[in-house]
> 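Quick one: the structure is below, questions incoming.
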Amino acid sequence: MESLLAASSVGTAFFPPCPSPSAALRSAVPGSSNAVAARGVRCAAAKDSMFYELTHDEIFNSAEVIQWESGKSMNAIAAAQGIRIRRRCQPRYPSEGTGADRAIPRNILEQIIWDKEVEVSQRKAKKPLQKVMESAQHTPPPRDFVGALDTAHRRNGVPALIAEVKKASPSRGVLRDHFNPVEIAHTYETNGAACLSILTDEKHFQGSFENMETVRNSGVKCPLLCKEFVIDVWQIYYARSKGADAILLIAAVLPDLDIKYMLRICRNLGMTALIEVQDDREFDRVLKIDGVQLIGINNRNLETFQVDTTNTKMLLEKRRDIIKNKGESGLFTPEDIIYVHNTGVSAVLVGESLLTQDDPGQAIAGLFGKKLLH
């Protein structure tokens, strides 16, 4: 699933966070007074004003903003980047609608994202962004996610392990009847996991942010990745407030504008962003974005949830000169680990093949063909 890439750092954001640039654009109608005001600001900003900084900022002047101001919808802009997941921005779950409002998602990922839009809207109503930002500021500093992976890779001579704490999945159902996230996390750490991935989606994976907070407060030293379907920067701040050191961003869902903006938020918080890609187009999109540290190649197709372990090799073969570190998931056997290691992968994210075993710790040794040092 996940793969790692080194790149240049991002600049400092000149403006307070909005939910996401594309979400902010969706809240107004192209050609409306909001769009006209934006164009007016472009022309009239004095050089010593904050508006001048905004009008000369790469995000404010991005192709997406210009296209939107010209009347193109955000879904159309996303589709032009190869994003097949449509956004609805509806106040209730799609299944609760009637007539034209009762939309049918085209695949599993689109269903998850539509549900996530409703969930995040409800969460924000209960705890606004400003309060979440304040909570994030009072959280202990994030741990070095990338550094932990590099250290483990050098120590063991095999891809570093990001072990996933996940109770269920849409394709497999409940993976583990006796699910104790703290117990699993400590078992992973004791058996050589470099970092942990905590599934936080409730509706489809039976996870929670509370699981992540509980694991963080349990004495686990591994850096934590918040495995969430992020569509809004509120989720990033909330994850940080619950102890996340890194967060997943999915290229199949987020336009370039959102990824760039969210990278800035992560940089300001000291967090690592792991950007997940599935195909050539997504990979090449992400490689062009400044500030990316980690890219995740997903061997599981998020639209169908089918696994193809050759996906990593296929995507990496054309891009070896660009990428310095790599990693991924959807791995189940020692042969899978050897296969991806030989392609140059230096970290892997694994969940199901560990969680479905009676002893996840022994499962790690079985997967790697040896006991990992920690």
Side-chain angles (χ1 to χ4, degrees), residues 17-30 34 64-65 68 72-133 168-170 199-210 212 226-242 244 247-262 265-266 273 275-276 278 282 302-303 305:
C18 62
S20 74
S22 63
L25 297 185
R26 289 189 198 98
S27 66
V29 178
N34 289 25
E64 291 99 321
V65 172
W68 173 80
K72 199 169 186 179
S73 74
M74 285 309 302
N75 273 335
I77 293 169
Q81 296 179 10
I83 296 172
R84 296 183 293 271
I85 304 304
R86 299 166 296 172
R87 301 289 294 277
R88 281 176 50 79
C89 303
Q90 297 295 312
R92 59 177 179 242
Y93 290 108
S95 60
E96 297 173 354
T98 59
D101 194 39
R102 187 185 173 99
I104 299 175
R106 291 183 290 203
N107 52 61
I108 299 172
L109 181 58
E110 191 164 82
Q111 176 72 72
I112 292 172
I113 294 305
W114 289 0
D115 290 340
K116 188 62 63 175
E117 288 179 328
V118 178
E119 176 194 321
V120 172
S121 176
Q122 293 174 350
R123 285 179 175 270
K124 287 170 65 178
K126 294 177 180 178
K127 191 166 185 177
L129 177 60
Q130 187 60 43
K131 289 188 176 180
V132 175
M133 291 173 64
S169 76
L199 226 304
T200 54
D201 178 76
E202 294 185 17
K203 188 174 180 66
H204 297 275
F205 292 84
Q206 298 187 37
S208 70
F209 284 98
E210 288 66 33
M212 187 170 60
C226 176
K227 188 78 171 293
E228 171 71 332
F229 293 85
V230 174
I231 56 171
D232 191 303
V233 299
W234 184 95
Q235 294 162 279
I236 300 177
Y237 282 99
Y238 193 65
R240 179 81 277 272
S241 74
K242 297 298 184 180
I247 195 153
L248 180 71
L249 305 178
I250 302 175
V253 172
L254 299 170
D256 294 352
L257 179 64
D258 282 359
I259 293 175
K260 292 174 183 177
Y261 184 70
M262 289 176 178
I265 298 299
C266 289
I275 304 178
E276 180 179 286
Q278 168 67 34
E282 291 174 7
L302 286 177
E303 295 182 12
F305 275 70

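Source: prediction; values computed, not measured. Computed from heavy atoms alone, side chains included, the values below leave out hydrogens, waters and symmetry copies.
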> Mind checking side-chain contact (heavy atoms from CB on, under 4.5 Å) for Gln130 and listing every partner two or more places apart, or none if nothing turns up?
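Listed in chain order: Met133, Glu134.
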> List the steps, then state whether side-chain contact (heavy atoms from CB on, under 4.5 Å) holds for Tyr237 with Arg240.
CA-CA 5 Å; Tyr237 282 99; Arg240 179 81 277 272; 5.6 Å; no
> Can you name the closest pair of heavy atoms from Ala80 and Lys72 and give their distance?
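Taking Ala80 first and Lys72 second, the nearest heavy atoms are CB-NZ, 4.2 Å.
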> How close do Cys266 and Ile247 get, counting heavy atoms only, and between which atoms?
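What the structure gives for the nearest pair is SG-CG2, 3.8 Å.
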> To the nearest 0.5 Å, how far apart are OG in Ser73 and CZ in Arg86?
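Interatomic distance, Ser73 OG to Arg86 CZ, rounded to 0.5 Å: 12.0 Å.
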> When rounded to the nearest 0.5 angstrom, what distance separates CD1 in Ile113 from CG in Asn107?
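Answer rounded to 0.5 Å: 10.0 Å.
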> If you compare all heavy atoms of Asp256 against all heavy atoms of Gln81, which two are closest, and at what distance to 0.1 Å?
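Heavy-atom minimum between the residues: N-OE1, 2.9 Å.
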> Glu282 side chain to Ala251 main-chain N or O, any donor-acceptor pair under 3.5 Å?
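Pair absent, no side-chain N/O of Glu282 close to backbone of Ala251.
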> Would you find a donor on one side and an acceptor on the other, under 3.5 Å apart, between the side chain of Asn75 and the backbone of Arg87?
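Such a contact is found between Asn75 side chain and Arg87 backbone.
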> Whether the side chain of Gln235 engages the backbone of Asp232 through a donor-acceptor N/O pair (distance < 3.5 Å, no angle test) should be reported.
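Checked: pair present.
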> Is Thr200 close to Lys227 at the side-chain level, that is, under 4.5 Å between some pair of heavy atoms?
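Lys227 vs Thr200: side chains apart.
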> Nearest 0.5 Å, please: how far is CD1 in Ile236 from CG in Leu249?
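Between Leu249 CG and Ile236 CD1, I get 5.5 Å after rounding to 0.5 Å.
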> May I ask you to decide whether Glu202 forms a salt bridge with Arg123, counting only side-chain N to carboxylate O separations under 4.0 Å?
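So Glu202 pairs with Arg123 through a salt bridge.
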> Is there a donor-acceptor pair closer than 3.5 Å between any side-chain N or O of Trp234 and the backbone N or O of Lys127?
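Looks like yes, one N/O pair under 3.5 Å.
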> What are the two closest heavy atoms between Val253 and Val230, and how far apart are they?
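Looks like CG1-O, 4.5 Å.
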> If you count every heavy atom of other residues, nucleotides or ligands that lies below 6.0 Å from Lys131 atom NZ, does the total exceed 12?
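Counting neighbours around NZ of Lys131, 12 or fewer heavy atoms of other residues, nucleotides or ligands fall under 6.0 Å, so no.
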> What are the two closest heavy atoms between Pro105 and Glu110, and how far apart are they?
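Minimum heavy-atom contact is CA-OE1, 3.4 Å.
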> Identify, with sequence neighbours excluded, every residue that meets side-chain contact (heavy atoms from CB on, under 4.5 Å) alongside Ser241.
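side-chain contact (heavy atoms from CB on, under 4.5 Å) check on Ser241 returns Ser135, Ala136, Thr139, Tyr238.
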> Atom CD1 of Ile231 and atom CE of Met262: how far apart are they, to the nearest 0.5 Å?
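It comes to 8.0 Å.
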> Out of curiosity, Lys203 NZ to Ile112 CD1, how far, rounded to the nearest 0.5 Å?
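With rounding to 0.5 Å, NZ (Lys203) is 11.0 Å from CD1 (Ile112).
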> List the steps and the verdict of side-chain contact (heavy atoms from CB on, under 4.5 Å) for Ile77 and Met74.
CA-CA 5 Å; Ile77 293 169; Met74 285 309 302; 3.8 Å; yes
> Looking at CG of Asp258 and CD of Glu64, how far apart are the two atoms once the value is rounded to the nearest 0.5 Å?
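Taking CG in Asp258 and CD in Glu64, the distance rounds to 8.0 Å.
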> Go through it in stages, so that I can follow the logic: the residues are Leu109 and Phe229, the test is side-chain contact (heavy atoms from CB on, under 4.5 Å), and I'd like the CA-CA distance, side-chain angles, deciding distance and then a yes or no.
CA-CA 9 Å; Leu109 181 58; Phe229 293 85; 3.8 Å; yes
